[in-house]
Amino acid sequence: MIDHGIALPYYRLHVVPAVVALASPTWQREVWLDPDQFEDLDHTVHVLFDDFCDASDPLPWLGQCLRSEEEVELMARLGAAYSAVQRSVGAAARDEVYMDSPGWPAVVSAAARLAQVLVSNDHSALSKLHDAGYRWPPGTESVSSEADDQHLDS
């Protein structure tokens, strides 16, 4: 996979949805608390702290699955917010205990800001790939048309 700015784009495919899940209380209640679903808080935490990043020390992940120093800083804030909640409720607490804790809104807020930056940076990287001539599916040619020419004039 070709990507601008990161060595492990496949890791990022796990990190971004985990951050988005932490940014969405509705998702948390509808998915994490549903026993028929695979995803829960434990899964999300493993993605962000153990498997594909380390939210408690994200700097080594810069250039790996994080694109910018801003992403590193925001991931560290998310890690600190989550760790504070974990300390207050205990690592073995059920998901709903985490979500009902007074510190949980800080986790959601930190995740929401990070999600905005991750998605914006991914969009920028995708635009750079497109501008460099990469198309999906591979082999698809860029077709110049009158519509393209009109966009150039506007």
Side-chain angles (χ1 to χ4, degrees), residues 1-138 140 151:
M1 178 176 210
I2 299 166
D3 200 314
H4 288 273
I6 56 173
L8 302 170
Y10 293 112
Y11 278 34
R12 193 170 177 99
L13 291 175
H14 295 276
V15 169
V16 173
V19 171
V20 169
L22 278 172
S24 175
T26 302
W27 177 266
Q28 295 161 15
R29 298 256 177 222
E30 291 178 1
V31 175
W32 293 354
L33 301 182
D34 181 346
D36 294 329
Q37 297 291 326
F38 168 77
E39 183 184 326
D40 58 10
L41 177 58
D42 186 57
H43 169 78
T44 302
V45 168
H46 278 290
V47 167
L48 295 178
F49 284 85
D50 303 321
D51 299 336
F52 301 101
C53 191
D54 181 358
S56 60
D57 182 23
L59 185 57
W61 294 93
L62 179 61
Q64 302 302 308
C65 65
L66 299 175
R67 293 185 191 282
S68 69
E69 290 179 11
E70 182 181 21
E71 289 182 2
V72 169
E73 178 185 328
L74 293 171
M75 183 66 78
R77 287 183 192 172
L78 174 57
Y82 175 81
S83 294
V85 171
Q86 186 179 53
R87 281 190 302 276
S88 74
V89 301
R94 294 183 329 272
D95 291 3
E96 55 269 17
V97 174
Y98 275 84
M99 292 182 278
D100 291 338
S101 76
W104 195 251
V107 173
V108 172
S109 178
R113 179 64 188 127
L114 177 56
Q116 290 173 331
V117 172
L118 293 170
V119 171
S120 176
N121 288 348
D122 283 352
H123 185 264
S124 178
L126 184 59
S127 287
K128 289 176 184 176
L129 285 171
H130 185 269
D131 291 347
Y134 293 99
R135 301 292 184 266
W136 188 258
T140 304
H151 290 295

Do Trp27 and Glu39 pass the side chain to side chain donor-acceptor pair (under 3.5 Å) test, and can you show the C-alpha distance, the side-chain angles, and the key distance before you say yes or no? CA-CA 10 Å; Trp27 177 266; Glu39 183 184 326; 2.9 Å; yes
Closest non-hydrogen atoms of Ala115 and Val20, given as atom of the first, atom of the second and distance, are CB-CG2, 4.1 Å
As an exercise, state the distance from CE of Met99 to CG of Leu22, rounded to the nearest 0.5 Å. 10.5 Å
Main-chain N/O of Gly90 paired with Tyr98 side-chain donor or acceptor, under 3.5 Å: yes
To the nearest 0.5 Å, atom CD of Glu96 lies from atom CH2 of Trp32 at 12.0 Å
Is there side-chain contact between Cys53 and Val47, with heavy atoms separated by less than 4.5 Å? no
Salt-bridged, Asp122 to Arg67, with N to O below 4.0 Å? yes
I need the Ile6 CD1 to Asn121 CG distance, nearest 0.5 Å. 10.0 Å
Worked verdict on Ser83 versus Phe49 for side-chain contact (heavy atoms from CB on, under 4.5 Å): CA-CA 10 Å; Ser83 294; Phe49 284 85; 4.1 Å; yes
Testing the basics here: between Ala76 and Pro58, what is the closest heavy-atom pair and its distance to 0.1 Å? N-CG, 3.7 Å
Distance-minimising heavy-atom pair for Asp36 and Asp34: N-OD1, 2.8 Å
Salt bridge check: are Glu71 and Arg12 linked by an N-O gap of less than 4.0 Å? yes
Could you tell me the separation between the CG atom of Leu41 and the CD atom of Gln86, rounded to the nearest 0.5 Å? 8.5 Å
A side-chain contact here means heavy atoms from C-beta on lying under 4.5 Å apart; do Trp104 and Pro25 qualify? no
Does some side-chain heavy atom of Val45 sit less than 4.5 Å from a side-chain heavy atom of Tyr82? yes
Thinking salt bridges, do Asp40 and Arg29 make one under a 4.0 Å N-O criterion? no
How far does CG of Leu74 sit from CG of Leu114, to the nearest 0.5 angstrom? 5.5 Å
Shortest non-hydrogen contact from Leu78 to Val107? CD1-O, 3.6 Å
State, to 0.1 Å, how close Cys65 and Leu8 come at their nearest heavy-atom pair, and which atoms those are. CB-O, 4.1 Å
Does Ser120 use its side chain to pair, donor to acceptor, with the backbone of Gln116 at less than 3.5 Å? no
How long is the span from the CG atom in Asp51 to the NE2 atom in His43, to the nearest 0.5 Å? 8.5 Å
Testing the basics here: between Val19 and Ala111, what is the closest heavy-atom pair and its distance to 0.1 Å? CG1-O, 3.4 Å
Determine, step by step, whether Asp54 and Met75 satisfy the side-chain contact (heavy atoms from CB on, under 4.5 Å) criterion, reporting the C-alpha distance in whole Å, the side-chain angles of both residues, the deciding distance to 0.1 Å, and the verdict. CA-CA 9 Å; Asp54 181 358; Met75 183 66 78; over 6 Å; no
Which word best sums up how the rings of Phe52 and His14 line up, parallel for under 30°, tilted for 30 to 60°, or perpendicular for over 60°? parallel
Stepwise side-chain contact (heavy atoms from CB on, under 4.5 Å) test for Arg113 and Glu70: CA-CA 11 Å; Arg113 179 64 188 127; Glu70 182 181 21; 3.2 Å; yes
Do Gln28 side-chain atoms and Ala21 backbone N/O form a donor-acceptor pair below 3.5 Å? yes
Taking C-beta and beyond as the side chain, do Val15 and Trp61 meet within less than 4.5 Å on heavy atoms? no
